[in-house]
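The structure presented is a predicted model; accordingly, all values stated were derived computationally and were not measured. Side chains are part of it too, since the values below use all heavy atoms of this structure and drop only hydrogens, waters and symmetry mates.
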Amino acid sequence: MSGRHAVVAGAGIGGLAAAVGLSRAGWQVTVLEQARKLRPVGGGIGLTPNGLHALDALGAGDLVRAAGIEQAHGGIRNPRGSWISRTNLDFIKARYGQPVTAVHRAELIDALVGLLPTGTVRTGARVLTAHPGGPDAPAEIHTADGGFTADLVVAADGIHSVLRQALFPHHPGLAYAGYTSWRFVLPASDIPPAGETWGRGKRFSILPLAGGLVHCSALVVRGPGSHDSEVSGNQASALTRYFGAWHSPVPELIAAAAAQIIVHDDIEELAAPLPSLHSGRVALLGDAAHAMTPNLGSACLALEDAVCLTHAVASGSLIDALGSYSRTRRPRSIALARLSRRLGAMGKISFPPAVAVRDAGFRLAGLAPALTVRTLDRMMGWRPPAMS
């Protein structure tokens, strides 16, 4: 594979991971990122064993573990603060060979960039479109400042992927999932325990990070685009309106977040699966390939994509290899998107009797973790193919 050129559109987690894998396999790699600087958005990530196995296959696992902290416990509370279920997560490491590790997105990005040759990432490069090429013709990718030809193009340009639209113009695109989210990271002198609080159509998550930081995220069921004046003018005020009466430390964290950057997004997912995760010499991965609701760790799936793509193109015909990549990754991404949607639907429940039934189910799962092992196996039981 020496001398072959790959262009990666997007310097997010999936794009950088693919660049690392391809570079380690001997490819010349160029990463195009539209932002002027690499400024990771979102905050903390809970890396499950499948994601850590992928990072190990890419040579980044130890770097990321050193920057993160192992999550010892998980659980769900009600808005009054009572634990509905509480679980020691040692069984995760015992069953899947890796723990759940919390890391700041910036640390993960830095680890991946640090494994790339200097000059690989070109910022301020806005990708406009791509032509997929074919068995005897290279792919082409066009930016606002010019174009590139490449043996392989990796479309990792995120949930609003322009390359996905260019390659599959008749696909229905994204659909609103029925809820909106807020995310922020802040320093905390007294780090609260990790866990989620589930209420009536609302959720609040706390994830401690290394360095005395804590990542928080909130989800609220709302109509699409319902950005009233309070929300658009003051995100912390909106969060207080939704969560101010919840148990401590939720209100205190929200009050402290008024001085931080709060990222606010409506949650969207693909309205239907793509017919393929490749076209010609272009492979799609991460949110560009399978945008889904944020209930199962999409960053880990993007890392899996990167490893599987690198493995697929290691030998043989590139077109055949991309077909194999698509056939391998598409069923898994469809199944996990469906599962994530079901989990999200549980969080959208607001009718009190239905909330009571849901919470009783959480209590049962907390008392008998084996009841959830089948689901966890589908999420976390992935192992990377042998890397050449």
Side-chain angles (χ1 to χ4, degrees), residues 1-33 38 51 53-61 63-64 108-123 125 127 130 132-133 135 137-141 143 147-158 161 163-164 167 277-290 299-329 384-388:
M1 286 296 172
S2 177
R4 303 191 82 176
H5 183 210
V7 175
V8 179
I13 291 169
L16 290 172
V20 169
L22 291 168
S23 180
R24 284 165 57 90
W27 287 68
Q28 177 191 350
V29 181
T30 302
V31 180
L32 305 177
E33 169 55 44
L38 290 183
H53 283 305
L55 286 166
D56 282 336
L58 296 168
L63 292 171
V64 174
L108 178 52
I109 293 291
D110 286 348
L112 293 170
V113 170
L115 294 174
L116 292 171
T118 302
T120 297
V121 180
R122 303 186 186 187
T123 55
V127 172
E140 299 177 12
I141 187 165
T143 73
F148 298 81
T149 60
D151 299 290
L152 170 66
V153 167
V154 180
D157 53 338
S161 170
L163 296 187
R164 179 179 65 224
L167 296 169
L277 302 190
H278 85 292
S279 177
R281 292 174 176 264
V282 181
L284 295 91
L285 60 72
D287 284 341
H290 43 67
C300 292
L301 294 183
L303 291 168
E304 291 182 19
D305 290 343
V307 170
C308 289
L309 178 62
T310 301
H311 174 74
V313 302
S315 61
S317 161
L318 180 66
I319 301 298
D320 290 343
L322 295 183
S324 175
Y325 162 77
S326 183
R327 288 190 298 273
T328 299
R329 296 303 299 165
M387 301 289 281
S388 60

* Please report the closest heavy-atom contact between Pro117 and Ser23, naming both atoms and the distance. => CD-OG, 3.5 Å
* Supply the atom-to-atom distance Leu285 CG to His290 NE2, rounded to the nearest 0.5 angstrom. => 7.0 Å
* To do: Could you check if a side-chain atom of Glu304 sits within less than 4.5 angstrom of a side-chain atom of His53, using non-hydrogen atoms only?
  => no
* How far does OG1 of Thr328 sit from CG of Leu277, to the nearest 0.5 angstrom? -> 10.0 Å
* Asked: Taking Val113 as the fixed residue, which of Leu115, Ile109, Asp110 is the one that meets the side chain to side chain contact (heavy atoms under 4.5 Å, CB included) rule?
  -> Ile109
* Asked: Between Arg122 (side chain) and Val31 (backbone), is there a donor-acceptor pair under 3.5 Å?
  -> no
* Compare all side-chain heavy atoms of Leu116 with those of Val29 and state whether any distance is below 4.5 angstrom. => no
* Side chains of Ile141 and Leu163 in contact at under 4.5 Å (non-hydrogen atoms) -> yes
* Note, Val7 side chain near Val154 side chain (heavy atom, < 4.5 Å) -> no
* Are Asp305 and Leu309 close enough that some pair of their side-chain heavy atoms sits under 4.5 Å apart? -> no
* To do: Report yes or no: does Tyr325 contribute a side-chain atom to a donor-acceptor pair with the main-chain N or O of Leu284 at less than 3.5 Å?
  => yes
* **Side-chain heavy-atom pair Thr120, Val8 within 4.5 angstrom cut-off** => no
* Asked: Mind checking whether Leu22 and Leu152 have side chains closer than 4.5 Å, heavy atoms only?
  -> yes
* Apply side-chain contact (heavy atoms from CB on, under 4.5 Å) to the pair Leu108 and Ile13, showing each step before the final yes or no. => CA-CA 8 Å; Leu108 178 52; Ile13 291 169; 3.6 Å; yes
* N/O donor-acceptor pair under 3.5 Å between Arg4 side chain and Ala150 backbone -> no
* Report yes or no: does Arg281 contribute a side-chain atom to a donor-acceptor pair with the main-chain N or O of Pro135 at less than 3.5 Å? => yes
* Asked: Any donor and acceptor pair, going by atom type alone, linking the side chain of Asp157 with main-chain N or O of Gly10 inside 3.5 Å?
  -> no
* **Glu33 side chain near Leu38 side chain, heavy-atom distance below 4.5 Å** => yes
* **Point-to-point distance, once rounded to the nearest 0.5 Å, from OG1 of Thr143 to CZ of Phe148** => 6.0 Å
